[in-house]
There are 2 protein chains.
Amino acid sequence: MHRIPAPARFNRKAGIRAESESTIIAAAEQVFATYGYRGASTSMIAEQAGVSKAMIYHYFETKELLYQIVLERTHNWWGEAAELLDKFSEPVEALTAYIHRKMDMSRENYYGSKVWASEVMQGAPILQGYLETEVREWTKKQIERIRSWVRAGKIEPVEPFYLLLMIWATTQHYADFEHQIATLNGGRPLDDEQHRAAKDTVTRIILKGIGASIKSRRSKRRAKS
Amino acid sequence: MHRIPAPARFNRKAGIRAESESTIIAAAEQVFATYGYRGASTSMIAEQAGVSKAMIYHYFETKELLYQIVLERTHNWWGEAAELLDKFSEPVEALTAYIHRKMDMSRENYYGSKVWASEVMQGAPILQGYLETEVREWTKKQIERIRSWVRAGKIEPVEPFYLLLMIWATTQHYADFEHQIATLNGGRPLDDEQHRAAKDTVTRIILKGIGASIKSRRSKRRAKS
DNA sequence: GTCTATACACTGATAGAC
DNA sequence: GTCTATCAGTGTATAGAC
């Protein structure tokens, strides 16, 4: 395809297109998160986005394509957190950074997490290939890394797979079950202080639980996100 | 489309009505678990149950009523695990029994857990009343109990709410994400040995993470008054 | 109790005016 | 780019034969 870098004043149409697309994607993410793929209707997405239903089909060929794009976004979004785990060589730093980031992401945008959960509960018809390749490879790699920490005596013997599942489960729970958590919290979502306490509690229990508790106190507690 | 395994019949020798009803309920539980309330259709439930669609409406007035019954069953089923927590006065025994039971239940019937998760992701339109009364009261009570364990020096200081959420998240993850876990496990569900290892790992990390491991129980005793 | 036939709202998707 | 009108199919739910 022949792409021409156009001047800014000729990009107005492309600007409108990009804006409409992301508005629709954001709306679709919310509706898919709430009702799942089959339960979501294009009219609901259109209404949520504030556009006519025909606009959905103007920008996206089918409902399934739109769903795939939403899933792709979520997968890329979580990929960022996954990379974090590799950026630190020590278990305490790596796990702390990973857990905190995932907790923040669960709070920042819980819709993506819900769409993923819904997709997996369906049997991952769209994500299956991705699960069997990238996610599986990443998991194997992290399992080996955790094993090396055990061999180096940095953490106590632990089954790495179930440790990883525990971290995923706990951090994503704050996204997928945000409504239940808010209800039990008196009808209000966790405030900043509660969110910080939740992150600290989760991190402390896991690190201490695998014998990797923090030895030196560091005031790395800046306001994140 | 994703195929659902055949339903398990709960009744052995009961009336035709009772047997048909429980067959339909079991089928409905699977379909609701897979596609959510809106995404599930009565034809799919009928096919899964091996009866005609009209039979669904013969035994259950509406799709929503059938859904409510499925949710009610799940709620009662989990209530059994909830009671377990009160049957032991010591944190190690209570939490071990509770975690093990919830892990077993997640394996025994993950459909109920999925339906609950799906309902909550919708904003709990049906379960909201339960969440605001029974679940909230139970949670408050357990929070107080955990606080008393902290005061008695039986466990280290911990925010009880986030500990409870962690236990729920982790144990239910094995139900809600069983497909993803099986995929990462080479396409096979966790076998008996792996399930046992998962239970042990989860229990050990949590107990050790709150300073309630069996070994240190006696030495952690402190004069309180 | 079980089935087929059917009413009618809603679904995904398209055509065509502007 | 945006809208209304529309189609074929599926959705929930009911009626009535056997």
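This one's a predicted model, so the numbers in the text were calculated from it and none came from an experiment. A, B, ... follow the sequence lines: proteins, then strands. Residue 1 opens every chain.
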* To do: Report the C-alpha distance between B:Arg17 and B:Glu21 in whole Å, list the side-chain angles of each, state the deciding distance to 0.1 Å, and finish with yes or no for salt bridge (charged side-chain N to carboxylate O under 4.0 Å, His left out).
  => CA-CA 6 Å; B:Arg17 176 173 193 93; B:Glu21 278 181 1; 3.2 Å; yes
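Among residues two or more places apart in sequence or in another chain, the salt bridge (Lys or Arg N to Asp or Glu O under 4.0 Å) test is passed with A:Lys141 by A:Asp86.
The shortest distance between side-chain heavy atoms of B:Leu71 and B:Val115 falls below 4.5 Å. When side chains are defined from C-beta on, B:Ile45 counts as touching B:Phe32, because their heavy atoms get closer than 4.5 Å.
Side chain of B:Thr170 to backbone of B:Ile167: no donor-acceptor contact under 3.5 angstrom is found. With A:Glu19 contributing its side chain and A:Ile16 its backbone, the two residues share no donor-acceptor pair below 3.5 Å.
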* **Sugar-phosphate or base contact per nucleotide [nucleotides 4-18 of chain D; S, B, -; heavy atom under 4.0 Å]** => B------SBBB----
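Enclosure of atom OH in A:Tyr35 is not indicated, since only 12 or fewer non-hydrogen atoms of other residues, nucleotides or ligands lie within 6.0 angstrom.
The interatomic distance linking A:Met55 (CE) with D:dG1 (P) rounds to 7 Å, in whole Å. Between the P atom of D:dT2 and the CD1 atom of A:Ile56 lies a distance of 11 Å, rounded to the nearest Å. Here the P atom of nucleotide D:dG1 and the CD atom of A:Glu21 are 9 Å apart, to the nearest Å. Counting to the nearest Å, the P atom of D:dG1 and the CZ atom of A:Arg17 are 5 Å from each other. If you take CG of A:Leu66 and C1' of C:dT11, they are 15 Å apart, rounded to a whole angstrom. Regarding B:Ile16, its CD1 atom lies at a distance of 8 Å from the P atom of C:dG1, rounded to whole Å.
We find that B:Arg196 and B:Asp192 are not joined by a salt bridge, their nearest charged nitrogen and carboxylate oxygen being 4.0 Å or further apart.
Axis angle between the ends of the helix from C:dG1-D:dC18 to C:dC18-D:dG1, five pairs each and rounded to 10 degrees, works out to 0°.
Heavy atoms of B:Tyr59 sit under 4.0 angstrom from primed sugar atoms or phosphate atoms, though from no base atom.
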